[in-house]
Amino acid sequence: MGQIILEIQHPDRPYAEIIRLEKESILIGRSFNSDVYCPDQYVSETHAKLQFDGQDWLLSDAGSANGVFKGKKKIDGTQPILFGEQFSIGNTKITLSKPDHPVSDAIPMKTSFFTWDMLIVIIAWTLTFSFPFVVSLEKYLNTFTDDSFLKLLTDKFGFIIVPVLWAFIWAGISKLIIKKANFHIHLLLAASFCLMAGLVYQPLNMFIKYNISNDMIFEIVTQPFILFTLIALLYLSLRFSTHVSSLKLFFISSSIIIALFIIINLEAYLDDDFRNYPKLNSSVICPELRLKKAKSLDSFMSDNEKLFKKP
Amino acid sequence: MRNICVLICLIQIIVIDINVFAQSPEDNIQKYRSSLYKIVVVEKSSGEKSSQGTGFQVSKDGLIATNYHVVSKFLLEPEKYNLESIDYNDLHDNLKVVKFDVVNDLALVRGKQRNDENYFRINKNPPSHGSKIFAIGNPLSVGMTIVEGNYNGLEEKSLNECFNFSGSLNSGMSGGPAITSNGEVIGVNVATLGQQVSFLVPAKFLNNLLLKKTPKLQDGHVFSMIENQLLQFQDDYIKKLMDTKWKLKDFGPAKVPDKLSSAFQTWGGNNENELHLLYKEHNFKAFVNAQTYVTDKLITGKIFYQYYWLESKGLNEIRFYNLVSEYLGKYIPTDSGDEKQVTAFTNRSDFVRLGKMTWKVNYCVRNYKKYPSLYDVVINMASLDKSDNALIIWLTLSGVSKNNALLLNRKFLENVKWVK
């Protein structure tokens, strides 16, 4: 009986299938009764045959529709095939190997100190503990007494609860729906969002307000940024808590945030109590960040004339 | 002998004269009680008293003088209120407003036609400083009362003239006469600050109103008449302010307008006692005391300005500019007026170069709904170029025309000079 190892490279699989056979005749095809089953759609029911003649293996076409090829050449009749040679049927490639074909030693496995999961945990907690610092920094920059930064930090340390609470809630939802808590991913999202609000949004808000005096233009510039950030936060939180497709999640997140925005702004608009004092643009930052050129007094007073409108 | 008789006659005449001209206030009340009235505004729907003051007859045909603010509710909303007088016999009479002067807070009203010589005579000249004055009125509905005090001259801290009176006027006495011991009216009770500090409208304004020829008051024209009076008033005082050269004062790194006229009161202060603060604050404010009452929800005619000079004591640039932002946004609402009287403020903000310094300036305007030629204007500004000291300025004008607001604002800003 001939012993042989066949390495079968199926077209839809990354790794070759290794089959060890001890037979004199091996039928290869798409039939379930074949010795070697090839699910390739271009392989016939009985496609190729390997025959051991006591010394060598012989390859022949077993009545296939598309032929058997050694390299690019279609075989004709019966041909000998040696160990290490390859033939193809359909998109499947089959290599003959000796049963005692040597295999190299296994490479020793290196254990990585940092995995992605550990990285997420580290970053999430770093950002979470940074949040009270950012809140304290914000408070420090707007406090004009000799209170130390440490005292302010002690007062504001409780803010750490904000991202942690958000993460707990979403981890609970994740556990219920996808059976996996993803706590640290949600913590990372919440802490990132909180830090961005303090480190990016707040200074950006002041910068824009300093340079744009028109309330409507200010809202047009800043509201989309807020909307986008909130939609992104909700989308990612849902993404790591459900199996719903990305497109559907995007649609759901956008709808919820836009609806809330409309409700809140509508409520603010309807409840807008009369004020008998002006709403002032009081944002002042360092003069290097001023984008507009200062006007002359004449030009300024001339522009003010249009404010005098009769009711 | 003959000379002695002449002397005795002369002495008698003098004594009689003294008796005639130095009647006690009680005598005057008795004499003129039929010419003194409670003036009451009654709400039509409930029939209840809404406000009350005093009035006194000033002409033979029954014209009664009182304050504008006593009758304003009736004047502005005649469909909701009635105006009545109640005399010493408790007889009621319906009144109509004949003329009014909103700036000097006077009104002339009339009930039934009369023919009565027993009315108060007006002396349009002020009495001598320190002389005894008797204010008559109906305080807190307890009945006609006399309050004795002294005439202390013109109130300086006011844009319009009024007398200082050292008696304590009470609520309900508004519109009553202030008379000399001769029984002549030299003023009309108008306001009090309590603690024996009160104010009278000089009788000359009442005399002017009596003599003024005005068309018959019609309901639809009241608002335009008020508007015209207020426009005239602000034209007069703003013209005076524009025509004078303003004195400037050193304030921190700048020279800024000091008192614009003697009518202004000024106050100043600093935060030196607050040792925990990392900045120094010096402040100065100037304002005119008296304002013009239009309704209980709208009091106008205010001019107010305030300066803050801030110096850093170790704040970094970011913190210092945040401090400036806080002061710039710290507007204390002292403007009166509700939604029915005034529009909301519309404002714009710009960077303006004044001399050596760049400023962020908020310019805010609102309109009076019933008096569309009148506006309230607020300027609020902060210097920008120095990261360790800054000047913040507020200026408020109320009840001014567009042209006057722009002129006065411009002159004010031209007089803010950064020198260091």
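The chains referred to below are lettered A, B, ... by the order of the sequence lines, with proteins before strands, and numbering in each begins at 1.
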Check each atom of B:Glu326 against the heavy atoms of chain A and say whether the ones under 4.5 Å are side chain, backbone, both or neither.
side chain

Answer key: most heavy-atom pairs under 4.5 Å with chain A among B:Ser349, B:Ser387, B:Gly329, B:Ser312 is B:Ser349

Give a yes or no on whether the backbone of A:Asn142 and the side-chain of B:Arg319 come within a donor-acceptor separation of less than 3.5 Å.
no

Considering residues, nucleotides and ligands other than A:Arg239, do more than 12 of their heavy atoms fall under 6.0 Å from its CZ?
no

B:Tyr327 versus chain A, the contacting section by heavy-atom distance below 4.5 Å
neither

Taken in chain and number order and not counting sequence neighbours, the residues that satisfy salt bridge (charged side-chain N to carboxylate O under 4.0 Å, His left out) with A:Asp147 are none

Neighbour count >12 (heavy atoms, 6.0 Å) for atom CZ, A:Phe261
yes

Heavy-atom side-chain proximity of B:Tyr321 to A:Pro287 below 4.5 angstrom
yes

Do B:Asn367 and A:Phe308 have side chains that get closer than 4.5 Å, going by heavy atoms?
no

Does any heavy atom of chain B fall under 4.5 Å from the side chain of A:Leu297, the backbone, both, or neither of them?
both

Heavy-atom pairs under 4.5 Å with chain A - which of B:Asn409, B:Leu354, B:Asp350, B:Asp338 has more of them than the others?
B:Asp350

Side chain to side chain, A:Tyr210 and B:Lys360, heavy atoms closer than 4.5 Å
yes

Quick check on B:Ala390 against chain A: is it the side chain, the backbone, both or neither that has a heavy atom closer than 4.5 Å?
neither

Less than 4.5 Å apart, side chain to side chain, heavy atoms only: is that true for B:Lys402 and A:Glu305?
yes

Of the listed residues (A:Lys306, A:Lys309, A:Arg290, A:Arg275), which shares the most heavy-atom pairs with chain B below a 4.5 Å separation?
A:Arg290

B:Ser325 and A:Met206 have their tightest heavy-atom pair at OG-CE, 4.1 Å

Measure the spacing between OG1 of A:Thr145 and CG of B:Leu277 and express it to the nearest 0.5 Å.
7.0 Å

Can you give me the closest heavy-atom contact between B:Asn322 and A:Phe144, atom names plus distance?
C-CZ, 3.7 Å

Does any heavy atom of chain A fall under 4.5 Å from the side chain of B:Tyr363, the backbone, both, or neither of them?
both

So, taking the atom named CG in B:Leu407 and the one named CE in A:Met301, what distance separates them when rounded to the nearest 0.5 Å?
8.5 Å

Within 6.0 Å of NZ in A:Lys292, more than 12 heavy atoms from elsewhere
yes

More than 12 heavy atoms from other groups under 6.0 Å of CD on B:Glu272
no

Under 6.0 Å from the NZ atom of B:Lys369, do we count more than 12 heavy atoms belonging to anything else shown?
yes

Looking only at B:Val324, B:Leu374, B:Asn347, B:Asp385, the option with the highest number of non-hydrogen pairs under 4.5 Å against chain A is B:Asn347

I'd like to know whether B:Phe345 forms a ring-ring contact (aromatic ring centres under 6.0 Å, His included) with A:Tyr277, so could you lay out the CA-CA distance, the side-chain angles of the two residues, the decisive distance to 0.1 Å, and finally the verdict.
CA-CA 7 Å; B:Phe345 276 98; A:Tyr277 54 91; 8.5 Å; no

Let me see the working for A:Lys295 and B:Phe351 under side-chain contact (heavy atoms from CB on, under 4.5 Å), right down to the final yes or no.
CA-CA 6 Å; A:Lys295 288 183 177 171; B:Phe351 299 110; over 6 Å; no

Would you indicate whether the side-chain heavy atoms of B:Arg366 and A:Asn276 approach each other to under 4.5 Å?
yes

When you look at NZ of B:Lys249, are more than 12 heavy atoms from neighbouring residues, nucleotides or ligands closer to it than 6.0 Å?
yes

What is the distance from atom OG of A:Ser282 to atom CG of B:Asn362, rounded to the nearest 0.5 Å?
7.5 Å

Among B:Leu323, B:Thr346, B:Thr343, B:Leu275, which has the most heavy-atom pairs under 4.5 Å with chain A?
B:Leu323

Distance (rounded to the nearest 0.5 Å) between B:Arg410 CZ and A:Ser302 OG
8.5 Å

Nearest heavy-atom neighbours spanning A:Cys286 and B:Glu317:
CB-OE2, 2.8 Å

Does a sphere of radius 6.0 Å around CG in A:Leu291 hold more than 12 heavy atoms from other residues, nucleotides or ligands, not counting ones at 6.0 Å or beyond?
yes

Portion of A:Ser296 that has a non-hydrogen atom of chain B nearer than 4.5 angstrom:
backbone

Under 4.5 Å from a heavy atom of chain A, the part of B:Leu315 involved
side chain

Nearest 0.5 angstrom please: A:Leu280 CG to B:Lys330 NZ, how far?
13.0 Å

Other residues, nucleotides, ligands: >12 heavy atoms within 6.0 Å of A:Tyr235 OH
yes

